[in-house]
Amino acid sequence: MAAERDSDVRAPQAVSSDGAVYETATGRAEAHYYHFSHDKAGMGSVDKAKVAAVVHSMSEGSSFYRNEERRDARIQQQIEGMRRRWQALREGGLELEGAAATARRERAAMETRRRLDRVWVVVDMDMFFAAVEMRDKPELRDQPMAVGGTGMLSTANYAARKFGVRSAMPGFIALKLCPSLVIVRPNYDKYKAAAKLAKQVFRRFDPQCVALSLDEAYLDVTDAVSRKLGGLPAAEMAAFHEAVWDVVAAIRRDVSVATGGLTCSAGAAPNAMLAKIASDMNKPDGQCLVPFDAGSILGFVGALPLRKLPGIGRVSETQLGGLGLRVVADVRDEAARLHCVLSPRMATWLHRVSLGIAESGRSGSEAGAQYRRKSISLERTFRDEGSLAALQATVAKLASKLSLQMQGSKAAAEAGSSGADGRQAEAGRAGSEAGAAEDDGVQAARPPRGHVPGFFGMADSDSDSDDAGRPKVRPAMRGRTVTVKLKLASFKVLQRSATLAEPTNSAEVISAACKRLVAQESERFKAAHGGRPLVLRLLGVKMHGLVFDDDVDEEERAAAGHMCKLDDGSDEDDGADGGSPERADSAVVGQGRRPVLRAVLDERLRQMRRHSQQSQQQHPAKRARRQPGGSSGQRSLSGFVSIS
DNA sequence: TACATACAC
DNA sequence: TATGGTGTATGTA
């Protein structure tokens, strides 16, 4: 967020009930060369125009830039269509009146589902990778510094952000903006170690906390707050808020102690989406509490620029901006009209989040443990390559590495482990095995080979043990559908896939299937372009339709998957959209497919819950301690928090 | 199922 | 010297 906010822990009252915590000013997305939006923490004093000019001058004329221009043009066209429909809607017209009725019903139904009885905290480490490096090398502390490479930066410290340098910016552009910038290659092992220390703290406040990435975690601290209140119902909201505030402050303090001085920011709210948004409001080293009453929540979310909603990215922000909508309150006011212009799902999703309602439902409890990935992939960027033989060699190598990963920890152990990639973002996946692929030469013009143990560095560089120190068992898996991703020299991306008769994790089988797809595409391209070769800058190999070897009852799982509701039972469809719960969650802006306007986080948690439910259905013995809707024997906070 | 696209980190 | 990698989801055909 824009302002470099005062980093001290503040009194809860700092969050006024009308949501004034939030700082509105944030231009909507402009042309693509403003890519690196400067509304991040620490960017308050940046001369945006100057930064944009530099970025533009570095990009103009490049293949990358031309691709962005094409993309922007397409989006602008979509927006034109939307605007026409938007403006054609007449007050008192039949369509709009009907939509208004829908919106009213929808809102009433949603309010019914607003929950204020759980306390969610989202903790986000401040400039995580950079902070770790600074901790370990104090001489970097006052120096503009970033972690990454000349190709791409993962994160930058605040000294660097003053120059307009930020994460996801190419290093060579960052150096232009800030010639004295020190770029440090990433040390993932160190980051993982630090993340582990932080997680140990989180566990004390929520044994079931979920880490979404190395630097971010979701905690349901309802029980901790209850304990803090000494088991007595808080007579007043103020006392309750204070308890929440103190718990969050304690988490942050303990994280700092445990990690040797790393700071984090946190948000607390009645649901995870709001907590996530709040975690960003007082960065760095700050916290923000969203009051636990509907009125305050409406004020808080209402003032947010749409981009602050998790799930609204650059494209969606631009599209909605094209309709004149800038802040969340705008979409709330235009709920009816939006129902006419957006897909039902998108409209409903936007409406819901504009009310600050999310499925915070369960404690994060059931989320993590049973998580199953849906796909596994590797991709590599390299210098433009037009030789089919060289491309096929890269495909073979990717397929072999992927095969090894799919064979689980045994294969990984045999293959040994190695260092981490240099290019991974400040992330890691939810519950994932944080796939840091080895940084090998991209061009890989080596002949294809079978999986020779020990030849290819294994991807899972670290994490041969979990954070409790136990050896981590990675189940072997097989996949049924193989997909190759091809990024042309022009940056255009193609995807080709084939479904096999049997799930596999064999390097040979995967490799052969991928090569066939690449060869086909190569032919097709030549035929369509007068013999010109297909020139690529990236190749990727992905498998999905995964089955896991440690899934004992595969058929049962499949059967359960069919019958399984997509949400927790308490959260049944409110009838507002007449669809299944998952349909209520996302949608389309514009005519082409667009959407995803989903609170990703909220979605992810739900997704994980769904998995856990599936397996609970087949493994009753594994039932989570905390039952859905339950508070594990603790008192619910609904005794002293009004539920609207 | 195949493909394109958006999004998060 | 030159714009990343992994995973999730959705819409359309």
Side-chain angles (χ1 to χ4, degrees), chain A residues 32-33 35-36 55 58-59 62-65 67-68 71 74-75 78 124 128-129 148-155 167-176 186 212-216 276 307 309-317 319 343 345-346 349 371 373-381 383-384 402 405 420-437 439 442 459 480-481 483 485 487 491-499 517 537-538 540 542 544-545 582-583 585-601 603-604 606-608:
Chain A
H32 57 268
Y33 39 81
H35 258 356
F36 310 106
V55 172
M58 296 297 288
S59 300
S62 66
S63 298
F64 176 82
Y65 182 91
N67 188 251
E68 291 294 287
R71 178 185 144 121
R74 176 176 45 75
I75 292 166
Q78 288 177 350
D124 195 303
F128 187 44
F129 294 179
T150 55
M152 190 60 63
L153 302 180
S154 288
T155 188
S167 64
M169 176 180 277
F172 70 90
I173 291 181
L175 285 168
K176 197 77 169 184
L212 249 85
S213 63
L214 281 183
D215 78 332
E216 224 182 291
K276 163 72 175 160
R307 186 60 193 270
L309 299 175
I312 300 287
R314 180 169 67 98
V315 174
S316 303
E317 181 190 37
Q319 288 175 329
S343 80
R345 300 170 78 177
M346 164 68 130
W349 176 81
Y371 172 79
R373 66 158 79 235
K374 293 190 158 35
S375 68
I376 184 167
S377 63
L378 283 176
E379 64 189 55
R380 217 44 80 199
T381 293
R383 284 192 300 281
D384 290 0
L402 194 66
Q405 291 187 24
D421 193 273
R423 296 177 279 230
Q424 202 177 348
E426 183 172 328
R429 259 8 269 164
S432 85
E433 295 97 25
D439 193 15
V442 223
R480 198 141 179 280
T481 302
T483 300
K485 175 172 167 181
K487 192 187 279 181
F491 283 83
K492 179 180 170 61
V493 175
L494 304 175
Q495 198 180 286
R496 297 292 176 261
S497 65
T499 296
L517 291 167
R537 71 185 325 276
L538 169 146
K542 166 157 72 180
H544 60 281
E582 104 261 38
R583 280 222 336 228
D585 245 55
S586 104
V588 178
V589 179
Q591 59 258 58
R593 74 55 341 342
R594 183 76 334 89
V596 178
L597 291 186
R598 270 181 329 88
V600 164
L601 106 79
E603 205 52 33
R604 259 187 215 161
R606 198 174 62 168
Q607 188 65 33
M608 293 192 273

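Not measured: the values here are computed from a predicted model.
Between R537(A) and dG4(C) there is a side-chain N or O to OP1 or OP2 distance below 4.0 Å. Residue S377(A) places no side-chain N or O under 4.0 Å from the OP1 or OP2 atom of dG5(C). Contact annotation: S375(A) side-chain N/O to dT8(C) OP1/OP2 distance is under 4.0 Å.
Nearest heavy-atom pair, G540(A) versus E379(A), reported as atom, atom and distance to 0.1 Å: CA-CB, 3.6 Å. Listed here is the closest heavy atom pair of R496(A) and L517(A): O-CD1, 3.5 Å. Of all the heavy atoms in R537(A) and D384(A), the pair that sits closest is CB-OD1, 3.6 Å. Annotation for H544(A) and S375(A): closest pair CB-CB, 3.8 Å, computed over non-hydrogen atoms.
Per the geometry, NZ belonging to K542(A) stands 11 Å off C1' belonging to dA4(B), to the nearest Å. For E68(A) and dT5(B), the CD to C1' distance is 13 Å, given to the nearest whole Å.
Out of dA6(B), dA4(B), dG11(C), the shortest distance to the side chain of R71(A) is found at dA6(B). Set against dA8(B), dA6(B), dT6(C), the side chain of R307(A) has dA8(B) as its closest nucleotide. Proximity note for T150(A) (side chain, C-beta onward) versus dA2(C), dT8(C), dT6(C): the nearest is dA2(C). Looking at the side chain of T499(A), the nearest of the listed nucleotides dG11(C), dG5(C), dT1(B) is dT1(B). Listed nucleotides dA2(C), dG7(C), dT5(B) differ in distance to R74(A); the shortest reach to its side chain belongs to dT5(B). Which of dT1(B), dT3(C), dT6(C) sits closest to the side chain of R480(A) comes down to dT1(B). Counting only heavy atoms from C-beta on, S59(A) has its side chain closest to dT3(C) among dT6(C), dT5(B), dT3(C). Which of dC9(B), dA6(B), dT8(C) sits closest to the side chain of S316(A) comes down to dA6(B). Counting only heavy atoms from C-beta on, K374(A) has its side chain closest to dA9(C) among dG7(C), dG11(C), dA9(C). The side chain of P170(A) approaches dT3(C) more closely than any other nucleotide in the set dT3(C), dG7(C), dT5(B).
dA8(B) sits 24 Å from dT3(C) when the P atoms are compared, rounded to a whole Å.
For the residue pair T499(A)/T481(A), the side-chain donor-acceptor check at 3.5 Å is satisfied.
With contacts defined as side-chain heavy-atom distances shorter than 4.5 Å, the pair Q319(A)/Q78(A) qualifies. A heavy-atom distance below 4.5 Å is not found between the side chains of S377(A) and T483(A).
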- Under a 3.5 Å cutoff on both atom distances, Watson-Crick or G-U, what's the dot-bracket for DNA chain C ([ ] crossing, | other strand)? ....|||||||||
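Using a 4.0 Å heavy-atom distance criterion, T483(A) is classed as making no nucleic acid contact.
Separating the OG1 atom in T381(A) from the NZ atom in K487(A) is a distance of 5.0 Å, to the nearest 0.5 Å.
Between L517(A) and E216(A), the one whose closest nucleotide on DNA chain B sits nearer the 5' end is L517(A).
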